[in-house]
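Below is one structure, written out as structure tokens; the observations come after it.
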Amino acid sequence: MRRNSLVYLAALLATFSIFFLACQNEQQITYARYFVNGKGLYEQHCQNCHAADGSGLVNLYPPLTDSTYLKENKRRLACIIKYGMEEKIVINGKPYEGQMPANTHLTAIDVTQIMVYVGNSFGNNRGGFDLKQVTENLKDCR
């Protein structure tokens, strides 16, 4: 009798654990959705220059692996993705002077999703990016 009670208790605990771990809050679901969509957008719009692994292309296109640059330029990233960039930048101590083309057809949600993907891939761990904040940042471009 006692053995059966322990078995039932263990099964009940396992069931509750599964339900508890399966539940995600809205923020976690949004992050996961943005990350997956951002990966597809990255592959379509960014991968040709920055490579599938974010390593860039030798001296032409910078890698996306410098989390310091991403952190220090968090407010500018949306503008860079949507409107391109012509200025010299230094990534991992190496200067890059090439021009990044604009992607003006990308929407604010597209830009946010790319930022989530890049910010959490290639050794980066920037967490989520807020669509409202990205929209505001895009208004301040140029």
Side-chain angles (χ1 to χ4, degrees), residues 3-142:
R3 182 170 185 240
N4 287 342
S5 295
L6 290 175
V7 170
Y8 289 127
L9 180 60
L12 185 62
L13 287 173
T15 302
F16 281 120
S17 296
I18 291 170
F19 283 117
F20 179 73
L21 293 173
C23 295
Q24 294 180 323
N25 66 33
E26 187 175 335
Q27 186 177 9
Q28 292 168 320
I29 293 169
T30 299
Y31 168 84
R33 187 176 66 241
Y34 281 18
F35 185 89
V36 169
N37 291 343
K39 182 179 190 306
L41 290 164
Y42 176 85
E43 289 170 350
Q44 183 179 4
H45 301 288
C46 313
Q47 183 171 297
N48 283 344
C49 297
H50 295 286
D53 63 356
S55 62
L57 185 60
V58 192
N59 295 322
L60 296 176
Y61 305 112
L64 301 175
T65 57
D66 187 347
S67 57
T68 302
Y69 184 86
L70 295 177
K71 180 181 178 183
E72 291 175 356
N73 292 281
K74 183 176 180 177
R75 295 187 60 80
R76 292 186 61 222
L77 294 177
C79 296
I80 293 169
I81 292 169
K82 184 161 177 112
Y83 298 109
M85 191 164 91
E86 296 181 16
E87 67 192 60
K88 176 183 173 182
I89 60 171
V90 177
I91 303 291
N92 294 326
K94 186 174 183 179
Y96 291 88
E97 297 186 52
Q99 180 179 359
M100 178 172 159
N103 290 290
T104 55
H105 60 282
L106 294 175
T107 64
I109 187 73
D110 293 338
V111 171
T112 305
Q113 291 171 346
I114 290 170
M115 289 172 63
V116 167
Y117 177 70
V118 170
N120 295 284
S121 299
F122 321 126
N124 300 314
N125 188 14
R126 302 294 326 141
F129 289 86
D130 181 59
L131 174 60
K132 260 174 127 171
Q133 184 62 55
V134 170
T135 302
E136 288 301 312
N137 292 349
L138 286 171
K139 288 179 184 176
D140 295 336
C141 297
R142 298 188 184 231

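Model, not experiment: these values are computed from the prediction.
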Check whether any side-chain heavy atom of [X] sits under 4.5 Å from a side-chain heavy atom of [Y], and report yes or no.
X: Val118; Y: Tyr42; value: yes
X: Ile91; Y: Pro63; value: yes
X: Leu41; Y: Tyr117; value: no
X: Arg126; Y: Lys71; value: yes
X: Glu97; Y: Glu86; value: no

Quick one: [atom1] on [X] to [atom2] on [Y], what's the gap to the nearest 0.5 Å?
X: Ile114; Y: Gln44; atom1: CD1; atom2: CD; result: 8.5 Å
X: Ile80; Y: Leu77; atom1: CD1; atom2: CG; result: 5.5 Å
X: Gln47; Y: Leu64; atom1: CD; atom2: CG; result: 11.0 Å
X: Asn92; Y: Thr68; atom1: CG; atom2: OG1; result: 8.0 Å
X: Met115; Y: Asp110; atom1: CE; atom2: CG; result: 13.0 Å
X: Phe122; Y: Ser55; atom1: CZ; atom2: OG; result: 8.5 Å

- side-chain contact (heavy atoms from CB on, under 4.5 Å) with Val134: of Ile109, Val116, Val111, only one passes, and it is Val111
- Please check if atom NZ in Lys94 has more than 12 non-hydrogen atoms from other residues, nucleotides or ligands closer than 6.0 Å. yes
- Query: Do the ring planes of His45 and His105 sit parallel (below 30°), tilted (30 to 60°) or perpendicular (above 60°)?
  - Reply: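 The arrangement is tilted - the two ring planes meet at 30° to 60°.
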Over all heavy atoms of both residues, which pair between [X] and [Y] is shortest? Give the atoms and the distance, please.
X: Asn137; Y: Cys79; value: O-SG, 3.5 Å
X: Asn124; Y: Asp66; value: OD1-C, 4.1 Å
X: Ala78; Y: Leu138; value: O-CD2, 3.5 Å
X: Lys88; Y: Pro95; value: CE-CB, 3.5 Å
X: Ile89; Y: Pro62; value: CD1-CG, 4.1 Å
X: Val90; Y: Tyr69; value: O-CD1, 4.1 Å

- Task: Spell out, as yes or no, whether a donor-acceptor pair under 3.5 Å connects the side chain of Asn103 to the backbone of Ile81.
- Result: yes
- Message: Does the structure place the NZ or CZ of Lys74 under 6.0 Å from the centre of the six-membered ring of Phe129, at an angle of no more than 45° from the ring's axis?
- Response: yes
- Below 4.0 angstrom, N of the basic side chain to O of the carboxylate: do Arg75 and Asp140 qualify? yes
- In terms of side-chain geometry, is the basic nitrogen of Glu136 or Lys132 positioned less than 4.0 Å from the acidic oxygen of its partner? no
